[in-house]
A.B. asks: 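If you scroll down you'll find the structure; I have some questions about it.
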Amino acid sequence: MAYRNLEIADRGTVRTITVARPDKLNALNRDTLNELTLAFTQAAQEDGVRVVVLAGSGDKAFVAGADIAEMNGYTPLQAQAFSRTGQRLMSLIERLGKPVIARIQGFALGGGMELAMACHLRVASEKAKFGQPEINLGLIPGFGGTQRLLRLAGRSAALELCLTGATIGAQRAHELGIVTRVVAPEALNETVDALANQLAAAAPLAAAGILDAVLQGGEAGLDQGLEFETQAFALVFSSEDMREGTRAFLDKRKPEFKGR
């Protein structure tokens, strides 16, 4: 289908979803949230898609936040619905069952930072900036920022960033565990493409099992998480991917044992 606010491109088994509102620094309005929800739902359903890269158009911003001009006229009930729409999208991305990489070239603020944190891996340019500045508008994060930031960076960092509304650079975000990798601006696309290719070549059931074990098992107690891992470990033993991967590994090791 045609999207008004997104651009979709496939490269082999890697799908790139780009938020394309450069005149608004890719800010998230209701229509864009709905389009992203549809685009990620389609990616989840298509077997030919193994990895999703999420990006923002232009040089200035990944996503600079929610669309304040649209939000300004909301009633409390409309604001609640807007928050729930955003949270459903973030949960969909996080639980997609396929690796999602955020490619962050510029500002990832407010809803943009929340969108990035919902992705499984975040690769940022050295020029990228991060922050949850909602308190400066008399608001709090509404798309899961308080919760995912807490889980990624810990309570102290979550409170500092949310209470002060401070903007931090990519290196500081990496130190806090918010960003997976920081690279020079000219290396961003190449790095993301290489990582996406690596993940696309991996066994899809194993990748899905790892995502489930870490994301869902990690929210449970240790004993429950270990049992979740055991069940996922057993499940992949039913897959042809596991058998092919094991055979290939053993075939590579055979020369090491010759003559012994």
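What's counted below: heavy atoms across the whole structure, side chains too, no hydrogens, waters or symmetry copies. The structure presented is a predicted model; accordingly, all values stated were derived computationally and were not measured.
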A.B. asks: Looking at every non-hydrogen atom in both residues, tell me the closest pair between Ala44 and Lys98 and how far apart they are.
C.D. replies: O-NZ, 3.5 Å
A.B. asks: With no hydrogens and no angle check, is any side-chain donor or acceptor of Asn197 less than 3.5 Å from a backbone partner on Asp193?
C.D. replies: yes
A.B. asks: Restricting to non-hydrogen atoms, name the atom on Ser57 and the atom on Ala20 that form the minimum distance, rounded to 0.1 Å.
C.D. replies: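 Where Ser57 meets Ala20 most closely, the heavy atoms are OG-CA, 3.4 Å.
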A.B. asks: Is any side-chain heavy atom of Arg11 closer than 4.5 Å to one of Thr16?
C.D. replies: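 Sidechains of Arg11 and Thr16: no contact.
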A.B. asks: Side-chain heavy atoms nearer than 4.5 Å, only ILVMFWY residues, links allowed to pass through others: does that put Phe130 and Leu139 together?
C.D. replies: yes
A.B. asks: Quick one: pull up CZ in Phe62 and OG1 in Thr18 and give me the separation to the nearest 0.5 Å.
C.D. replies: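 The OG1 atom of Thr18 is 9.5 Å from CZ of Phe62, to the nearest 0.5 Å.
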A.B. asks: Run the side chain to side chain contact (heavy atoms under 4.5 Å, CB included) test on Arg103 and Leu188 for me, step by step, so that the C-alpha distance in whole Å, both residues' side-chain angles and the decisive distance to 0.1 Å come before the verdict.
C.D. replies: CA-CA 8 Å; Arg103 183 175 67 203; Leu188 181 61; 3.8 Å; yes
A.B. asks: Using a 4.5 Å cut-off on heavy atoms from C-beta on, say whether the side chain of Leu195 contacts that of Val53.
C.D. replies: no
A.B. asks: Are Val123 and Leu109 connected, step by step, through hydrophobic side chains (Ile, Leu, Val, Met, Phe, Trp, Tyr) whose heavy atoms are closer than 4.5 Å?
C.D. replies: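 No, no single cluster joins them.
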A.B. asks: Is the shortest side-chain heavy-atom distance between Asn29 and Thr32 below 4.5 Å?
C.D. replies: yes
A.B. asks: For a quick test of reading the model, state the closest non-hydrogen atom pair linking Met113 to Ala108 and the distance between them.
C.D. replies: CB-O, 3.3 Å
A.B. asks: How long is the straight-line distance from OG1 of Thr180 back to CG of Leu121, given to the nearest 0.5 Å?
C.D. replies: 4.5 Å
A.B. asks: Are the side chains of Ile101 and Val52 in contact, using a 4.5 Å heavy-atom criterion?
C.D. replies: no
A.B. asks: Any donor and acceptor pair, going by atom type alone, linking the side chain of Arg122 with main-chain N or O of Ile178 inside 3.5 Å?
C.D. replies: yes
A.B. asks: Counting distance only, does the side-chain N/O of Gln105 pair as donor-acceptor with the main-chain N or O of Pro185 below 3.5 Å?
C.D. replies: no
A.B. asks: Within the structure provided, determine whether Leu137 and Glu134 are in side-chain contact (heavy-atom separation under 4.5 Å).
C.D. replies: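 Leu137 vs Glu134: side chains apart.
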A.B. asks: Minimum heavy-atom separation for Ala39 and Ile17, please, with both atom names.
C.D. replies: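 Closest heavy-atom pair between Ala39 and Ile17: CB-CD1, 4.0 Å.
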A.B. asks: Starting from Phe40, can I reach Val192 by hopping between I/L/V/M/F/W/Y residues whose side chains sit under 4.5 Å apart?
C.D. replies: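 In one cluster with Val192: Phe40, no.
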A.B. asks: What are the two closest non-hydrogen atoms of Glu35 and Tyr3, and how far apart are they?
C.D. replies: OE1-CB, 3.4 Å
A.B. asks: Can you name the nearest heavy-atom pair linking Ala66 to Met71, along with the distance?
C.D. replies: CB-SD, 3.5 Å
A.B. asks: Should Phe82 and Ile135 be regarded as members of a common hydrophobic cluster, given that ILVMFWY residues are connected when their side-chain heavy atoms come within less than 4.5 Å of each other, either directly or indirectly?
C.D. replies: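 Different clusters: Phe82 never reaches Ile135 through Ile, Leu, Val, Met, Phe, Trp or Tyr contacts under 4.5 Å.
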A.B. asks: For atom CG of Asp23, decide whether the heavy atoms of other residues, nucleotides or ligands shown that lie under 6.0 angstrom number more than 12.
C.D. replies: yes
A.B. asks: Mind running side chain to side chain contact (heavy atoms under 4.5 Å, CB included) on Arg172 and Leu176 for me, showing each step along the way?
C.D. replies: CA-CA 6 Å; Arg172 179 58 177 154; Leu176 291 173; 3.6 Å; yes
A.B. asks: With a 6.0 Å cut-off (strictly less than), is the heavy-atom count around CD of Glu190, excluding the residue itself, greater than 12?
C.D. replies: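 Atom CD in Glu190 is not packed in, count stays at 12 or less.
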A.B. asks: Starting at OG1 of Thr146, measure out to CZ of Arg151 and round the result to the nearest 0.5 Å.
C.D. replies: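 Output value for this atom pair is 8.5 Å.
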A.B. asks: So does Phe143 get a backbone contact from the side chain of Glu114, meaning a donor-acceptor N/O pair under 3.5 Å?
C.D. replies: yes
A.B. asks: Counting heavy atoms not belonging to Lys24, are there more than 12 under 6.0 Å from its NZ?
C.D. replies: no
A.B. asks: To the nearest 0.5 angstrom, please state how far the CD atom of Gln216 sits from the CD atom of Glu94.
C.D. replies: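 Here the interatomic distance stands at 9.0 Å.
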A.B. asks: Within the supplied structure, the quantity of interest is the number of heavy atoms (other residues, nucleotides, ligands) at a distance under 6.0 Å from Tyr74 OH; does it exceed 12?
C.D. replies: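 It does: Tyr74 OH has more than 12 such atoms within range.
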A.B. asks: Are there more than 12 heavy atoms of other residues, nucleotides or ligands under 6.0 Å from atom CD of Glu229?
C.D. replies: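 For Glu229, atom CD is not crowded (no more than 12 foreign heavy atoms under 6.0 Å).
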A.B. asks: Can you find a heavy atom in the side chain of Leu235 that is under 4.5 Å from one in the side chain of Leu205?
C.D. replies: no
A.B. asks: I'd like to know if the side chain of Thr85 pairs up with that of Asn34 as donor and acceptor (distance under 3.5 Å, no hydrogens or angles considered).
C.D. replies: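 Checked: Thr85/Asn34 side chains show no N/O donor-acceptor pair below 3.5 Å.
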A.B. asks: Determine whether Arg95 and Leu215 satisfy the following criterion, side chain to side chain contact (heavy atoms under 4.5 Å, CB included), listing intermediate values before the conclusion.
C.D. replies: CA-CA 8 Å; Arg95 300 170 188 170; Leu215 296 169; 5.8 Å; no
A.B. asks: With sequence neighbours left out, what residues match Glu46 under salt bridge (Lys or Arg N to Asp or Glu O under 4.0 Å)?
C.D. replies: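 Scan of Glu46 (salt bridge (Lys or Arg N to Asp or Glu O under 4.0 Å), adjacent residues dropped) gives Arg15.
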A.B. asks: Give a yes or no on this: more than 12 heavy atoms of other residues, nucleotides or ligands lie within 6.0 Å of atom CD1 of Ile140.
C.D. replies: no
A.B. asks: Between CZ of Arg181 and OG of Ser125, what distance do you get to the nearest 0.5 Å?
C.D. replies: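 Separation between the atoms: 15.0 Å.
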A.B. asks: Show me the pairs that pass side-chain hydrogen bond (donor to acceptor under 3.5 Å, both in side chains) and involve residues 59-68, at least two apart or across chains.
C.D. replies: Arg21-Asp67
A.B. asks: Do Met117 and Met90 come close enough that some side-chain heavy atom pair is under 4.5 Å?
C.D. replies: no
A.B. asks: Just by distance, do the side chain of Ser91 and the backbone of Gln87 share a donor-acceptor pair under 3.5 Å?
C.D. replies: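 Yes.
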A.B. asks: My understanding is that only one of Asp31, Leu54, Thr41, Ile93 makes a side-chain contact (heavy atoms from CB on, under 4.5 Å) with Leu36; could you say which?
C.D. replies: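 Among Asp31, Leu54, Thr41, Ile93, the one meeting side-chain contact (heavy atoms from CB on, under 4.5 Å) with Leu36 is Leu54.
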A.B. asks: If hydrophobic clusters are built from ILVMFWY residues whose side chains come within less than 4.5 Å, do Val49 and Val19 share one?
C.D. replies: yes
A.B. asks: Between Asp212 and Phe228, is any pair of side-chain heavy atoms under 4.5 Å apart?
C.D. replies: yes
A.B. asks: Determine all donor-acceptor pairs shorter than 3.5 Å in which one atom belongs to a side chain in residues 161-168; sequence neighbours excluded.
C.D. replies:
from: Thr164; atom 1: OG1; to: Glu160; atom 2: O; distance (Å): 2.6
from: Thr164; atom 1: OG1; to: Ala166; atom 2: N; distance (Å): 3.2

A.B. asks: To the closest 0.5 Å, what do you measure between CG (Leu149) and CD (Gln147)?
C.D. replies: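 Separation between the atoms: 10.0 Å.
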A.B. asks: Let's go through Leu199 and Arg50 carefully: what are the C-alpha distance in whole Å and the side-chain angles of both, what is the deciding distance for side chain to side chain contact (heavy atoms under 4.5 Å, CB included) to 0.1 Å, and is it a yes or a no?
C.D. replies: CA-CA 8 Å; Leu199 296 176; Arg50 289 198 174 186; over 6 Å; no
